[in-house]
Amino acid sequence: LLKEQLQRRDAINDVLDGLLDLDTHAQRCVQQTAAPTPSLIHNAMVLNDDQKLGLYVALPLYFTMFGIMGILGWRTKAKRASSQPKEDLDGEGEMVSHFVAGKSLGSFVTVMTIFASLFSGYTMVGVPNEAFKDGYKALRWIPSKLFMAFGYMCTSPRLRRISLIRHYHSPLDFITDRFRSQFLRYSIFVILLVPSIIYLAAQPITLKGNFNDLFGLEDDNVIAPVAICAFILVLEWIGGLNVVAYTDSAQGILMILAFVLMSSTLCHLYGGWGSDIFNPKTYPAPTFFQVPSTEDQLAMWSFSLQWISFAALPHFQQRTYASADFKSMKLAYFVISLAPWLTMLVGVFSGTLGVYLLQGQETSNPFTGVVAELMSASGFGYVAGLLILVGSVAAIISTADSLLIATTHMVMSEVVNPAMKNASHARVSFVSKVVSFTVMALGLVIALTDDGALSDLAAVQNGMCLQAVPTLLIGLFFAPRYTPHAWIIAVGALAGFITTVVINYTWNEKEDNYFFNAGVWGLCHNIGIMFTLEMALRLCHASEWRAPKWDVPNTDNFGGDMPITYDWLNGLMRNVREPFKSEWFVGLFVITSILLLPGNSAGLPELGEQAADGSYPDFTPTTVGGLPDWIFKLLMGSVVMTLSLIWAIYHLPSNLDDLSDLNDDSEYVPQKKSKGSLPISKTSTNSKNTSLSSPTDVISPDKIREV
């Protein structure tokens with residue numbers, strides 16, 4: 001009897017629970033009648049058959065276009081080679097032609113290849129997924145990208161002008177020529193190579209995840225990433241940077257079109273941040289509207305700061321030297337300063353909208369789910385969704401091919417070429433193909449055997465590159481009295497690099513928040529080590545300490561009849577209004593980046609009691625246009641940062657490549673490359689090379705004639 005009564009009670013409870021669920025669902029439907037209701041008939045990770053059919057057509061068309069652009073790049077390289085003098089068709093000539101496109105990229109191609117390299121696959125896929133998880137805090141990407149533009153435009157004008165005289169083409173040429181130290185040269189080589197390989201390996205992982213999610217394939221299916229990487233490798237072989245830049249141009253256009261369509265279509269269908277969907281009382285994730293904790297705010301700022309590391313990235317320096325003129329570079333500065341307002345706003349908006357669209361669904365890739373909802377909403381949304389998905393693939397590929405050619409270029413210039421003196425054009429071409437195959441194979445092996453460790457390293461790749469920035473800035477801008485010895489700079493950079501990796505694997509495994517990310521802590525360690533060792537060296541009066549002979553690099557390729565000194569650099573830029581040397585510009589930019597943080601009131605306002613329908617009727621955060629007031633403050637601060645960048649870019653001379661104003665000074669006549677420069681005596685060379693303030697000195701032809 002007792003058993004029957006218990007069964008009867010359970011049955012009644014089941015009926016009551018069902019009625020309560022029905023009532024709750026009805027109330028939510030009433031509240032959401034002002035916006036389209038998301039479909040719940042498919043998994044957010046996998047497209048349905050009709051959506052897959054469109055991709056079966058769109059993706060082959062994209063790869064056909066990719067191949068056509070590759071052929072155009074190859075023909076451009078071949079045409080340029082046929083018009084070159086026979087004496088220029090040597091190994092060094094092949095390096096310049098293959099890896100920096102003969103320094104002949106036009107304005108449109110320069111702008112688009114820099115854009116496509118800056119806004120990678122993470123911009124298309126990762127930012128929406130981050131916003132789905134963390135909400136409006138993902139808008140930290142806008143000041144982050146502005147810091148990228150800041151670092152790049154502050155260093156590349158001076159690097160480019162030096163390269164016109166010293167014949168640079170490799171990312172490490174300036175550091176080698178400026179400091180004349182093999183130890184420092186190869187320390188920075190390692191610091192830049194490791195994150196480049198990690199970032200390259202991350203692209204096949206992203207491709208595998210995207211394709212397997214889109215088509216519902218097994219997680220361990222590797223056909224798509226292997227085939228695409230092979231395709232990228234072949235195109236890099238036949239055309240070098242010409243092919244990469246041409247394909248980047250097409251992919252950049254596709255990415256811009258995808259961002260525009262995504263924003264316009266989603267806003268048309270669901271409204272913007274000011275729509276009823278984002279009502280804080282009923283929004284599925286109301287905590288997005290609360291002010292972040294102090295620790296999170298400092299982490300947001302340090303995250304943005306570390307992206308200044310892009311100034312030292314090999315594929316960006318490669319494009320600095322590859323552009324045909326500085327006017328193209330100046331246009332690229334404008335584009336990358338304004339582009340975050342399109343790319344990042346769209347990515348964060350789609351991620352926060354996905355919280356509403358995908359509620360009740362389990363997904364590891366909200367971006368795909370949002371696009372699937374978009375494709376299900378209307379015919380126009382279907383076409384827009386296809387372009388967005390193809391654009392996401394294009395973004396990943398544009399990052400992969402840029403990393404491949406930049407990494408290969410660096411290995412060839414710093415490792416292979418020094419061992420192949422006076423190599424022929426054909427030999428350099430063949431060896432570069434072997435190196436690029438090795439680099440791509442290594443990236444694929446790391447990617448396909450990864451058990452999750454790579455994602456931890458990828459999280460600090462920019463922090464690793466950040467450790468090379470002090471070396472670059474010291475070489476470009478610091479006076480002799482503030483310049484540490486080359487070996488001390490190398491030790492500091494390596495210490496910061498190791499610190500970044502160690503912190504990432506120790507502190508980040510704990511729940512405690514240490515305010516700044518690993519890369520910024522590594523930078524602090526880097527600078528602290530340099531300062532401490534340099535002070536100790538000066539207190540010991542070791543200014544005449546001599547480095548061993550093996551530490552002196554061969555600088556024949558730079559036409560190095562004279563060293564690069566601080567006075568020489570300032571004389572070279574004496575008629576240029578440089579952004580980094582403007583105290584008010586740098587101060588305004590950095591201070592604004594700090595002031596845009598929310599400040600106090602962490603965790604406010606409180607949510608209050610949750611109603612039966614899941615809403616929070618007492619939750620009333622202050623909003624502007626549907627956005628929390630603290631996010632509006634962040635955006636206004638980012639506007640000030642953007643305007644300061646535009647002002648600084650505007651005042652850069654478009655004719656920076658014109659050296660006619662320096663022709664009266666023999667120091668600034670472009671050096672003629674030779675295969676046997678005339679160094680001064682060994683004793684004098686070593687003493688100059690090892691002083692705390694001056695690199696190796698070399699006798700000029702005028703001095704020889706005078707003697």
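One-based numbering along the sequence shown. Hydrogens, waters and symmetry mates play no part in the numbers below; they use all other heavy atoms, side chains included.
One side chain, Ser304 or Ser144, offers a donor N or O that lies under 3.5 Å from an acceptor on the other. Between Thr320 and Tyr152, the side chains place a donor N or O and an acceptor N or O closer than 3.5 Å (distance only, hydrogens not considered). Glu414 and His409 share no donor-acceptor pair across their side chains, judged by distance under 3.5 Å alone. Judged by distance alone, the side chains of Asn242 and Thr76 never bring a donor and an acceptor atom under 3.5 Å apart. For His315 and Ser402, the side-chain atoms include no donor-acceptor pair closer than 3.5 Å. Looking at Asp173 and Thr176, their side chains never bring a donor and an acceptor atom within 3.5 Å of each other.
Between Phe115 and Phe119, the ring planes lie tilted relative to each other; the angle falls in the 30° to 60° range.
Heavy atoms from other residues, nucleotides or ligands lying under 6.0 Å from CH2 of Trp237 number more than 12. Within 6.0 Å of CZ in Phe334 there are more than 12 heavy atoms belonging to other residues, nucleotides or ligands.
Formation of a donor-acceptor pair under 3.5 Å by the Gln467 side chain with backbone atoms of Ile191 is not found in this model. Of the possible polar contacts, none joining the Arg180 side chain to the Asp551 backbone as a donor-acceptor pair under 3.5 Å is found. With Gln317 contributing its side chain and Leu159 its backbone, the two residues share no donor-acceptor pair below 3.5 Å. The main-chain N or O of Leu652 is found under 3.5 Å from a side-chain atom of Lys330 such that the two form a donor-acceptor pair. Here the side chain of Asp325 pairs a donor or acceptor atom with the backbone of Ser328 at under 3.5 angstrom. No donor-acceptor distance shorter than 3.5 angstrom exists from the side chain of Arg185 to the backbone of Gln182, with no hydrogens or angles considered. Checking side-chain atoms of Ser104 against main-chain N and O of Ala101 turns up a donor-acceptor pair under 3.5 Å. For Ser398 (side chain) and Ala395 (main-chain N/O), a donor-acceptor pair under 3.5 Å exists by modelled atom type. Under the 3.5 Å distance criterion, the side-chain polar atoms of Ser309 are matched with a main-chain donor or acceptor of Gln306. Between the Lys145 side chain and the Leu118 main chain, a donor and an acceptor come within less than 3.5 Å of each other.
Counting heavy atoms from C-beta outward, Phe99 and Gln318 have side chains that approach closer than 4.5 Å. Counting heavy atoms from C-beta outward, Ser654 and Phe326 have side chains that stay 4.5 Å or more apart.
Remark: aromatic rings of Phe585 and Phe150 are close, center separation under 6.0 Å. Aromatic ring centres of Tyr566 and Phe477 lie farther apart than the 6.0 Å criterion allows.
If you take CD1 on Ile474 and CD1 on Ile489, they are separated by 4.5 Å, rounding to the nearest 0.5 Å. To the nearest 0.5 Å, atoms CZ (Phe183) and CG (Leu494) are separated by 5.5 Å. Here the CD1 atom belonging to Ile238 is positioned 12.0 Å from the CZ atom belonging to Arg75, to the nearest 0.5 angstrom.
For residues 243-252, every residue pair satisfying the salt bridge (charged side-chain N to carboxylate O under 4.0 Å, His left out) rule, not counting sequence neighbours, is listed here: Asp248-Arg319.
Taking the ring centre of Trp568 as origin, the terminal cationic atom of Arg161 falls outside the region bounded by 6.0 Å and 45° from the ring axis.
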**OP:** Evaluate the side chain to side chain donor-acceptor pair (under 3.5 Å) criterion for residues Thr399 and Tyr199: first the C-alpha distance (whole Å), next the side-chain angles of each, then the deciding distance (0.1 Å), finally the verdict.
**Re:** CA-CA 9 Å; Thr399 304; Tyr199 200 17; 4.9 Å; no
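Classification of Lys327 and Asp657 as a salt-bridged pair fails, no side-chain N sitting under 4.0 Å from a carboxylate O.
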